[in-house]
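Numbers restart at 1 for each chain; the letters A, B, ... are given by sequence-line order, proteins then strands.
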Number of protein chains: 2
Amino acid sequence: MHVRRPATLASLAAELGVSRTTVSNAYNRPDQLSPELRRRVLETARRLGYPGPDPVARSLRTRKAGAVGLLLTENLSYAFRDPAALGFLEGLALACEGAGQGLHLVPINPEREDVAAVHRAGVDGFVVYSVPDDDPHLAAVLSRPVPTVVADQPIVEGVDRVGIDDRAAITALAQRLTTLGHRRVGVICMRLARDRNDGFASVERQQAAHFHVQRARLSGVADALGAAGVEWARVPVVERFDHSTASGESAAAQLLDSDPQLTALVCTSDILALGAMNEARRRGLRVPQDLSITGFDGIPEAERHGLTTVRQPVLEKGRAAGKLLLASVDPTRPREVTLDTEILSGATAAPPRTAEERWFGP
Amino acid sequence: MHVRRPATLASLAAELGVSRTTVSNAYNRPDQLSPELRRRVLETARRLGYPGPDPVARSLRTRKAGAVGLLLTENLSYAFRDPAALGFLEGLALACEGAGQGLHLVPINPEREDVAAVHRAGVDGFVVYSVPDDDPHLAAVLSRPVPTVVADQPIVEGVDRVGIDDRAAITALAQRLTTLGHRRVGVICMRLARDRNDGFASVERQQAAHFHVQRARLSGVADALGAAGVEWARVPVVERFDHSTASGESAAAQLLDSDPQLTALVCTSDILALGAMNEARRRGLRVPQDLSITGFDGIPEAERHGLTTVRQPVLEKGRAAGKLLLASVDPTRPREVTLDTEILSGATAAPPRTAEERWFGP
DNA sequence: TGTCCTGACCGTAACGGTTCAGAACCACTT
DNA sequence: AAGTGGTTCTGAACCGTTACGGTCAGGACA
């Protein structure tokens, strides 16, 4: 007995004495052959251990892979730790599931700029989530002749997009602070470019940021403060490469050390804000009496801590990205989806203490 | 100007007046052709908008898809809500990433028993996580001629597996309760089969359970109680189909209603245990003074609440599953990996109150 | 001068399917 | 007897690539 090569559609057809077409039809178009023959085909398939048409060969012919690729800059595992990313992923998975499409997570090694994985992925389209404008993987995705949807960022000419109005949302939030009377405000933001810069971010760096979302949020804060007469160039902005509460803590420390007069910290994510709250507690500063803190995202953890923040519909965003991609054959689909946000009032924003209060207590 | 068909390797070769092989080599084996020609090939490719070799065609020829399939019973989105599943997913993603393999999430519609998605997935192997023994999707995976690794359950003859010793782990935990003096114990477990049964689970149902992990954990509890002289048939076991804290709450309520004398609740997951704690609080029962509660998994949330539970290395389990699958060409690999667990003592297990204490206070 | 080696390139044959235009056959109508 | 329509099945083309086993020119070597 020799090592039998696995059965194929052709070998099955030969065994049965019918054409390959007929075997193919037995699987894909039952109405095209008599029930009796179909039964025979399937039975013989079982006997020979034929597992059904090979998915890759089928994909080649039909030009459909049945899967959507997801591109993330970070380690895949990052996505599983960040609640906002996780919500997005869940929404996207939901949309794919509903359409019977697989979700192919593209493996990115952030160390090596290895774009090959993007070219190797057998998918019908890509969703790109939160990568910098100049990411080489993004370029690789765009070079492939498949539809693409970008979530949040970056903004690429002619590419479908789903996101929120980051700028307007954070402007509204920051306005609450200025309305409460805050004028000395510090800002904590996420990485602005692919290079690591854990420290103050100059206005030039802010404007040159490769992460559109961060850029938009910073200018949103600038808008609100500007409207209250605060000169943006004097507002300290601290950047952190890693997105973690530890980053929020050290950033808050850096801000408060450099300017103890700050009455409010605006953070561009809830994770950072939660870290900032930790640092405030460590310093014995009461939030919001001594220090107001705001976040962004509206993750469950933030809600539990009563953080004043912007809630964005992350799950809905993922779902919208999936739907948009899967509808890409439809010329009447929207080319851009902007979802609504909502301010969660929380309990971490209050009027600043006056100078007297600072010294003598309320 | 006509609608140009997208460029292929062949059309590129024709344009250049070289063979297809040479163009292929320009991408895959730069050493096989002169740098000069390679440069010309790549430049012409750019000019014609050729995006590089088609991944599907390549997969067909090389018989490698560059991706690992993941099969979950539940909605994909379930995996993003259950911390244990999430940890597993993260570990698996890490392993794939390290090997440059994609992770293909197979879309399962739990309503319809549609196995097609399994057949459509272009992957080099499957990881199956937590599905019932008789799941049709599992059968579909096994019918495909690719390596497969099962995580936790089910146990399939001849299929590689990674898991923990569920039975021994929970026996040790339950023994703590019996050592403390507990004899009236109730049990809350997850679904035992594919049909919904929100209520008491008979011993027959327990033994016929299609979820190996649940079966193992229940018999582990039985072992410990048996050793303390408690007849298992009299121990109330309540089953819940959905895995949520709400399920834990209602299950605890059902147990305590049926037997107010219970001094301890053993739960087969932390999620259920956290729900049970909610219910205890609602009833004014102090944990652990009035009621001891134990969990299983060791999720972060449990640790925060000081739950007495078993910690299992979920991330490591995912990673191990990935490594095992990716090593499946190596005949010397282990065929089964059993990871260690550890009891987290927590603060939700204490000696039961005596009858007197029950009536007159401690 | 003949032999061998090496680098550069090529032709053919898969890889395993799907698709589409018909062929063959049969029952039924006119 | 010829035409009509429907069902069932076939043949050949095609999807885009890579594996494999070459050829061929030119230089090294003895």
Margin query: Using whole Å, what does the distance between atom C1' of nucleotide D:dC9 and atom CZ of A:Arg38 come to?
Written below: 16 Å
Next item on the list: May I ask you to test the B:Arg20-B:Val23 pair for a side-chain heavy-atom distance under 4.5 Å?
Entry: no
Next item on the list: Identify the two heavy atoms, one from B:Gln101 and one from B:Gly66, that lie closest to each other, and give their separation to 0.1 Å.
Entry: OE1-C, 3.2 Å
Margin query: Taking the minimum atom-to-atom distance to the side chain of B:Arg63, which one of D:dA19, C:dT18, C:dC15 wins?
Written below: C:dC15
Next item on the list: Could you pull out all residues at least two apart from B:Arg194 that satisfy salt bridge (charged side-chain N to carboxylate O under 4.0 Å, His left out)?
Entry: B:Glu113, B:Asp134
Would you tabulate the pairs of protein nitrogen or oxygen atoms and nucleotide nitrogen or oxygen atoms of nucleotides 22-25 of chain D closer than 3.5 angstrom?
none

Check: Taking only side-chain nitrogens and oxygens of A:Tyr27, does any of them come within less than 4.0 Å of OP1 or OP2 of C:dG16?
Finding: no
Next item on the list: Quickly work out the B:Leu60 CG to D:dC14 C1' distance and round it to whole Å.
Entry: 13 Å
Margin query: Students often mix this up, so state it plainly: with edges at 30° and 60°, are the rings of A:Tyr27 and A:Tyr50 parallel, tilted or perpendicular?
Written below: perpendicular
Note to self: Whole angstroms only, please: what is the CG-C1' distance between B:Asn28 and D:dC20?
What the structure shows: 15 Å
Check: Roughly, in whole Å, what's the span from CD in B:Gln32 to P in D:dT18?
Finding: 13 Å
Checklist line | Polar contact flag, side-chain donor to acceptor under 3.5 angstrom, A:Thr22-A:Ser19 | finding: yes
Margin query: For DNA chain C, which residues of residues 15-25 of chain B approach it to below 4.0 angstrom with any heavy atom?
Written below: B:Gly17, B:Val18, B:Ser19, B:Arg20, B:Thr21, B:Thr22
Margin query: Using whole Å, what does the distance between atom C1' of nucleotide D:dC15 and atom CG of B:Leu9 come to?
Written below: 13 Å
Check: CG of B:Asp54 versus C1' of D:dC14: gap in Å, rounded?
Finding: 14 Å
Notebook entry, point to check: Should B:Thr62 be listed as having a side-chain N or O under 4.0 Å from OP1 or OP2 of C:dC15?
Noted result: no
Note to self: Looking at the base of D:dT17, is there any donor atom on it, or on the side chain of B:Arg61, that sits under 3.5 Å from an acceptor on the other one?
What the structure shows: no
Checklist line | Comparing B:Ala10 and A:Leu33 on DNA chain D - which has the more 5′ nearest nucleotide | finding: A:Leu33
